[in-house]
Amino acid sequence: MADDLSAVAKFLFEAGTLKQTKRTGWWMAGVRDPESVAEHSWRTSLIASVIAKLEGADPAKAAFLAVWHDSQETRTGDVNHLGKKYAPSADPEAITADQVAGMPEVLASAIREVVAEYGAKESPEAVCARDADKLECMIQGIEYRTQGYDTQRWIDNSRGRLTTKTANELADAVLEGAPLDWLRTVMGEK
């Protein structure tokens, strides 16, 4: 391969830091060891593909948008809603431009474009990916609530920000169930 991939290799190590970057909003609910940004992004991507498929959008593209939606947090950390009240938000597109500097242009431009598309909130896939982000937060809040944490504010806030028909219907289904219903079903208990 003619392209120098050292910048890509460096970014892959940088992306790995998201496995240790905690989602800080959960600390306010008393969660001692909250999920990482990487854990959140993985389930968000899965949910984005589901919502997109059911909405008639491209599930692979929605998942791709969701994979990259918090990638800038390698540089900023996870800034929760309270923190954003006091610190101006960093520009995701500017951070991404720095992150992809030196990468082969075909890759760098693709990453810049996907981050810009997610931020523009206009394509059906971006709308699905953004709903997936909120629905994932709601589901995580329900899981933490089951563990005894007071997360109702996060659940309600996330639920209220959903826009697609599918995300709203999924939210209703999630709220009617419990985190271990899947296991009870598989074990023949329900």
Side-chain angles (χ1 to χ4, degrees), residues 15 18-19 21-26 28-29 34-85 87-100 109-145 151-175 177:
L18 293 177
K19 296 192 305 184
T21 304
K22 299 298 182 177
R23 302 249 303 154
T24 62
W26 296 121
M28 289 175 220
E35 67 176 333
S36 71
V37 172
E39 290 166 321
H40 162 72
S41 293
W42 175 80
R43 186 159 57 180
T44 298
S45 299
L46 186 71
I47 294 168
S49 69
V50 168
I51 293 171
K53 185 65 177 177
L54 295 174
E55 286 287 315
D58 180 348
K61 185 176 180 183
F64 189 57
L65 288 162
V67 163
W68 290 95
H69 87 283
D70 281 339
S71 59
Q72 306 77 27
E73 292 181 10
T74 61
R75 305 275 173 109
T76 65
D78 178 60
V79 181
N80 60 58
H81 288 292
L82 180 61
K84 288 177 183 176
K85 179 179 176 180
S89 291
D91 177 10
E93 291 181 48
I95 295 169
T96 300
D98 285 347
Q99 288 174 312
V100 301
S109 64
I111 295 168
R112 288 190 306 266
E113 288 167 12
V114 76
V115 169
E117 182 176 349
Y118 182 85
K121 309 174 195 174
E122 294 173 356
S123 71
E125 292 80 12
V127 171
C128 292
R130 294 182 82 80
D131 265 7
D133 182 37
K134 303 309 174 228
L135 186 57
E136 198 289 324
C137 186
M138 188 185 106
I139 292 168
Q140 187 63 62
I142 291 168
E143 291 170 341
Y144 286 145
R145 181 180 66 189
T151 57
Q152 195 62 47
R153 159 180 270 144
W154 286 262
I155 296 166
D156 294 342
N157 184 24
S158 296
R159 175 68 179 89
R161 295 170 72 192
L162 299 174
T163 61
T164 63
K165 181 178 185 273
T166 299
N168 278 290
E169 289 175 355
L170 276 170
D172 291 342
V174 165
L175 289 166

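In terms of the salt bridge (charged side-chain N to carboxylate O under 4.0 Å, His left out) criterion, Glu93 has no residue partners (sequence neighbours excluded). His40 pairs by the ring pair (Phe, Tyr, Trp, His ring centres under 6.0 Å) definition with His69, not counting sequence neighbours.
Expressed to the nearest 0.5 Å, how far OG1 of Thr151 lies from CE of Met138 amounts to 10.5 Å. We find the CG-CZ distance between Asp70 and Arg23 to be 6.5 Å, quoted to the nearest 0.5 Å. Between the NZ atom of Lys19 and the OG1 atom of Thr74 there is a distance of 14.0 Å, given to the nearest 0.5 Å. Rounding to the nearest 0.5 Å gives a distance of 9.0 Å between CD of Glu35 and OG of Ser41. Atoms OG1 and CG, from Thr76 and Asp91 in turn, are 11.5 Å apart once rounded to the nearest 0.5 Å. Atom NZ of residue Lys134 and atom CG of residue Asn157 lie 8.5 Å apart, to the nearest 0.5 angstrom.
Panel note: side chain Ser36, backbone Glu39; a donor-acceptor pair is recorded below 3.5 Å. A distance-only check finds a donor-acceptor pair linking the side chain of Ser45 to the backbone of Val67 [under 3.5 Å]. Gln99 places a side-chain N or O within 3.5 Å of a backbone atom of Ser71 that can act as its donor or acceptor partner. Using a distance-only test at 3.5 Å, with no hydrogens or angles considered, a donor-acceptor pair links the side chain of Asp131 to the main chain of Thr164.
Note: Tyr118 and Trp68 fail the aromatic proximity criterion, with ring centroids not under 6.0 Å apart.
Counting heavy-atom neighbours within 6.0 Å of Lys22 NZ, excluding the residue itself, gives a total above 12. Surrounding NZ of Lys84 are more than 12 heavy atoms belonging to other residues, nucleotides or ligands, all under 6.0 Å away.
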Show the numbers, then the answer: is there a side-chain contact (heavy atoms from CB on, under 4.5 Å) between Leu135 and Arg161?
CA-CA 9 Å; Leu135 186 57; Arg161 295 170 72 192; over 6 Å; no
Please determine whether side-chain contact (heavy atoms from CB on, under 4.5 Å) holds for the pair Glu55 and Val127, giving the CA-CA distance in whole Å, both sets of side-chain angles, and the decisive distance to 0.1 Å.
CA-CA 10 Å; Glu55 286 287 315; Val127 171; over 6 Å; no
Working note: Trp154 + His81, criterion side-chain contact (heavy atoms from CB on, under 4.5 Å); need CA distance, chi angles, decisive distance, verdict.
CA-CA 11 Å; Trp154 286 262; His81 288 292; over 6 Å; no
Report the C-alpha separation of Leu175 and Arg159 in whole Å, then their side-chain angles, then the decisive distance to 0.1 Å, and conclude whether the side-chain contact (heavy atoms from CB on, under 4.5 Å) test is met.
CA-CA 10 Å; Leu175 289 166; Arg159 175 68 179 89; 4.1 Å; yes
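Considering all non-hydrogen atoms of both residues, Leu162 and Ala171 come closest at CD1-CB, 3.5 Å. The heavy-atom pair separating Ser49 from Leu46 by the smallest distance is OG-O, 2.7 Å. Nearest approach of Ala129 to Leu65, heavy atoms of both residues: CB-CB, 4.0 Å. Shortest non-hydrogen contact noted between Pro59 and Ala52 is CA-CB, 3.7 Å. Closest heavy-atom contact between Glu73 and Leu18: C-CD2, 3.8 Å.
Side-chain contact annotation: Asp78 with Thr21, donor-acceptor N/O pair under 3.5 Å absent. Judged purely by distance below 3.5 Å, without hydrogens or angles, the side chains of Gln140 and Arg43 pair a donor atom with an acceptor atom. A side-chain donor-acceptor contact under 3.5 Å links Glu117 and Ser123.
A side-chain contact (heavy atoms from CB on, under 4.5 Å) with Cys128 is found for one member of Ile51, Asp58, Val50, Thr166 and no other, namely Ile51.
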